[in-house]
Amino acid sequence: MSSLRASSAGIGAAARQIFALFMLVLAAGASARAESPLPNHASLPDHAIAMHGEPALPRGFTHLPYADPAAPKGGRITFALQGTFDSLNPLVVLGVAPDAVPRYVQQSLLFRSADEPFTAYGLLASKVELNDERTRLAFEIDPRAKFSDGSPVTAEDVLFTFEMLKTKGKPFHRSSLARVTKASAPSPGRVEFELGDGSNRELPLVIGAMPIFAKHATNAESFGETSFKPALGSGPYVVSEVRPGESITLKRRADFWAEDHPLTRGLFNPDEIRYEFYRDANTLFEAFKAGLYDVRLEGDPTRWTTGYDVPAVRDGRIVKETLHFDTPKGMTGFVFNTRRAVFADIKVREALAMLFDFEWANRNLFYGIYRRAGSFFSDSELSALGVPADAREKALLAAFPGSVRDDILAGTWRPTATDGSGRDREQARKAFDLLKSAGYEMRDGVLRHKATGEALGFEITVTSRPQERLALNYAKSLERLGIVATVRMIDDVQYWRRLSSFDFDMIQWTWPASASPGNEQVGRWDSSNAERKGSLNYAGVKSPAVDAVLKTMLSAREREDFVASVRSLDRLLISGFYVVPLYYLPDTWLAHSRDVVMPQRRPAYFLSNEVLARSPSPPAPAN
């Protein structure tokens, strides 16, 4: 488990500090400031960057509002993931890697607050300078910052990391960092970036979030390859043991430089963190019930409703919690790989989406707990579902007439609803009419293209039993119209390799959403990533309208313009019928050992592993 805020692993930064004075580096940084000042708007803060508006916390804050400085230190917390791993570097295309190293071993220049839509505060950077146009960015590195081998973190390490991620990192970093027109280090304690025309307003935050590698301990030639050698980091933990494919163990450093930093006070509490890997979902759950790991995000309504009726829950050894966060609910759906000829026609995609019987599946498979997905930003002001386009949106979309359907522009479109019988004839008739208009006809019980005679069929690739169960249910619905959908389950490593090269017809996928969508949306939907291996543009979206709206979203200076651009993006994606919308959970289900201490004050947007602590063991009874 990489984070308590989403089901898919993300790339996070760790955080840190302990006091040891490097006056020489400090003086060099001060000298560089005098020689090479950045013009900076007087009102801009120098301790944080906010995507929109101002940071909530002033310089000099003592700790994050949701962190408990009195949280107990010590003990071990074990997390678990389904699947396996063949690398420790999740920042490159090759390999399958958890985020343990960039989260706990490495640090970034900035550290994101879970209490704000997108604000990041200085961590390795003691000061950040950003001009009002967001064309020039500079960081001064905290002179106390040290890697675990005792060497100082310098501007050269930042530049090295920048170059490695720009040339050998995942597509997200390659495309984002390529926008930097110049990067330089005028002194060992200062690094500067020129950001082009400043139109990508999130770019300073992306740079600030890079997990910093130590140049002197990293092989530039093999950086993009899989490796079980952990990166040398400046974070609170070091990797103490790696059992390839099975487990990773991290131990807290006694010499961590940022032990009492405001961003780490109350975080990173266990002495030991362990990641265990299990091959399938059932084994993963049984291991949790047996107490083999401590924290579990539950996404299966059946299991949440009935599977936790066990002694460990009844006697309080396992605690169940329902949490609510203000983040938009992302999109979970069956994804059409539009690179495949069978899904090239939008009418075919729309018809296939109509044939998923959410009402039946929700009642019979999921205890009626799910809500129907229809937007890529559900449950938020960013969603276009049920909301008529305003003047700002219409102006954005005016250059691309016809790119958004009239009913979606008017906010009247909804995903098709059925009578819940599992055999809704009306929906089947509407879908069949669409397929006929796309050139298909029924021949001997099989839907075939009139011109070619080719049957309408495809493969649904899955990697877990819950996915398989849902895919088989969907395939039965399709079969009633003569559509042949085969379901194939493969192992985790093969699954990720096939996804990275877009070698599939249809998959089930979840794109989580944040309160401040940004550059990650480029990786998911921009045309430049449609053929770039390793990107998250699984649907193969190639749309000039989407590309243009993404640029507008990233350059928005005011919240109103930002909301309008995200809603426009939502309308374009809905109109493209790139997925069969499935469902989402309005809340987050969390189960954990009673020995795991959760913060009393929960953050507004997500709850990450960093805040967890282990309660002290009770004293042994006296003899």
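Values reported hereafter were calculated over all heavy atoms of this structure, with side chains retained and with hydrogens, waters and symmetry mates removed.
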Open item on the list: For D570 and S375, which I'm curious about, is there any donor-acceptor pair between the side chains at under 3.5 Å?
Closed with: yes
Open item on the list: In the structure I gave you, are the side-chain heavy atoms of F376 and W525 within less than 4.5 Å of one another anywhere?
Closed with: yes
Task: Min side-chain heavy-atom separation Y538-N337 under 4.5 Å - done: no
Could you list the donor-acceptor pairs under 3.5 angstrom formed by side chains in residues 219-228, with sequence neighbours left out?
from, atom 1, to, atom 2, distance (Å)
N219, OD1, E221, N, 2.8
N219, OD1, S222, N, 3.4
S227, OG, K229, N, 3.0

- [ ] Return the set of residues passing ring-ring contact (aromatic ring centres under 6.0 Å, His included) with F334 (not counting sequence neighbours), or none when no residue passes.
- [x] Y474
Task: Any L165 side-chain heavy atom under 4.5 Å of L91 side chain - done: yes
- [ ] Report yes if the side chains of I460 and R488 come closer than 4.5 Å at any heavy-atom pair, otherwise no.
- [x] no
Open item on the list: Between E459 and R498 (salt bridge meaning N to carboxylate O under 4.0 Å), is one present in this structure?
Closed with: yes
Task: Nearest heavy-atom neighbours spanning I212 and S108 - done: CG1-CA, 4.4 Å
- [ ] Starting at CG of D595, measure out to CZ of R614 and round the result to the nearest 0.5 Å.
- [x] 4.5 Å
TODO: Taking all heavy atoms of T332 and all of T510, pick out the closest pair and write down the distance.
DONE: OG1-OG1, 2.6 Å
Open item on the list: Between R252 and E272, does any side-chain N to carboxylate O distance fall below 4.0 Å?
Closed with: no
Open item on the list: Treating S535 as the side-chain partner and E531 as the backbone partner, does any N or O pair qualify as donor plus acceptor under 3.5 Å?
Closed with: no
Open item on the list: Could you check whether atom NZ of K251 has more than 12 heavy atoms from other residues, nucleotides or ligands sitting under 6.0 Å from it?
Closed with: no
Open item on the list: Under a 3.5 Å distance rule, please check whether D379 uses its side chain to pair with a backbone N or O of K329 as donor and acceptor.
Closed with: no
TODO: Ignoring hydrogens and angles, tell me if any N or O in the side chain of S176 forms a donor-acceptor pair with the backbone of F172 under 3.5 Å.
DONE: yes
Task: Close side-chain approach of R372 and P415, heavy atoms under 4.5 Å - done: yes
- [ ] Kindly indicate, with the supporting measurements, whether the criterion ring-ring contact (aromatic ring centres under 6.0 Å, His included) is fulfilled by Y584 and Y370.
- [x] CA-CA 6 Å; Y584 67 89; Y370 279 125; 8.5 Å; no
Task: Partners meeting ring-ring contact (aromatic ring centres under 6.0 Å, His included) with F504 (sequence neighbours left out) - done: none
Open item on the list: Just checking R480: does its CZ atom have more than 12 heavy atoms from other residues, nucleotides or ligands closer to it than 6.0 angstrom?
Closed with: yes
Task: Pairwise distance CG(L297) to CG(L590) - rounded to 0.5 angstrom - done: 6.0 Å
TODO: Starting at NE2 of H173, measure out to CE of M164 and round the result to the nearest 0.5 Å.
DONE: 13.5 Å
Task: Separation of S234 OG from Q106 CD (nearest 0.5 Å) - done: 8.0 Å
Open item on the list: Keeping S151 on the side-chain end and F147 on the backbone end, is there a donor-acceptor pair under 3.5 Å?
Closed with: no
TODO: Validate the cation-pi geometry between K320 and W589: distance from NZ or CZ to the six-membered ring centre under 6.0 Å, angle to the ring axis within 45°.
DONE: no
- [ ] Examine distances only and state if a side-chain atom of S380 and a backbone atom of F377 form a donor-acceptor pair shorter than 3.5 Å.
- [x] yes
TODO: Go through D86 and W496 one step at a time and tell me if the side-chain contact (heavy atoms from CB on, under 4.5 Å) criterion holds.
DONE: CA-CA 12 Å; D86 59 7; W496 287 107; over 6 Å; no
Open item on the list: Do the side chains of D547 and K542 get close enough for a salt bridge, i.e. N-O under 4.0 angstrom?
Closed with: no
Task: Intermediate values then yes/no, side chain to side chain donor-acceptor pair (under 3.5 Å), H216 and D149 - done: CA-CA 11 Å; H216 69 277; D149 67 351; 2.7 Å; yes
Open item on the list: Using the ring centroid of each side chain, check whether F458 and F343 are separated by less than 6.0 Å.
Closed with: yes
Task: Any donor-acceptor pair under 3.5 Å from R532 side chain to S527 backbone - done: no
Open item on the list: Take a 6.0 Å sphere around NZ of K476 and say whether it holds more than 12 heavy atoms from other residues, nucleotides or ligands.
Closed with: no
Task: Heavy-atom donor-acceptor pair, R296 side chain to A591 backbone, under 3.5 Å - done: no
- [ ] Run the salt-bridge test on R274 and D294 with the 4.0 Å N-O cut-off and return the result as yes or no.
- [x] no
Open item on the list: Over 60° means perpendicular and under 30° means parallel, so tell me whether Y104 and Y275 are parallel, tilted or perpendicular.
Closed with: perpendicular
Task: F79 ring center near Y293 ring center (under 6.0 Å) - done: no
Open item on the list: How close do M598 and H592 get, counting heavy atoms only, and between which atoms?
Closed with: CG-NE2, 3.7 Å
TODO: Report the distance from atom CG of N519 to atom CZ of R524, rounding to the nearest 0.5 Å.
DONE: 11.5 Å
Open item on the list: Looking at R340 and D505, is there a salt bridge between them, counting it only when a charged N and a carboxylate O are closer than 4.0 Å?
Closed with: yes
Open item on the list: Quick one: does any side-chain atom of S240 pair with a main-chain N or O of T249 as donor and acceptor, under 3.5 Å?
Closed with: yes
Open item on the list: I'd like to know if K533 and D503 make a salt bridge, using a cut-off of under 4.0 Å between side-chain N and carboxylate O.
Closed with: no
- [ ] Write down the atom of V541, the atom of A530, and the distance for their closest heavy-atom approach.
- [x] O-CB, 3.7 Å
Open item on the list: Please check: side-chain N/O of N537 versus main-chain N/O of D526, any donor-acceptor pairing under 3.5 Å?
Closed with: yes
TODO: Could you pull out the closest heavy-atom pair between A100 and L250, with the gap in Å?
DONE: O-CD2, 4.0 Å
Open item on the list: I'd like to know if the side chain of N529 reaches the main chain of V522, judged simply by a donor and an acceptor atom lying under 3.5 Å from each other, with no hydrogens or angles considered.
Closed with: yes
Task: Beyond-backbone contact of F358 with L582, side-chain heavy atoms, under 4.5 angstrom - done: no
TODO: May I ask you to test the D271-R76 pair for a side-chain heavy-atom distance under 4.5 Å?
DONE: no
- [ ] Verify whether the ring centers belonging to Y308 and F285 lie closer than 6.0 Å.
- [x] yes
Task: Least distance between heavy atoms, P171 atom then G534 atom - done: CG-C, 3.6 Å
- [ ] To the nearest 0.5 Å, tell me how far L203 CG sits from R179 CZ.
- [x] 7.5 Å
TODO: Would you check if the distance from the ring center of F160 to the ring center of F213 is below 6.0 Å?
DONE: no
TODO: Identify whether the distance between the nearest side-chain nitrogen and carboxylate oxygen of D491 and R279 falls below 4.0 Å.
DONE: no
Open item on the list: Do L124 and F111 have side chains that approach each other closer than 4.5 Å (heavy atoms only, starting at C-beta)?
Closed with: no
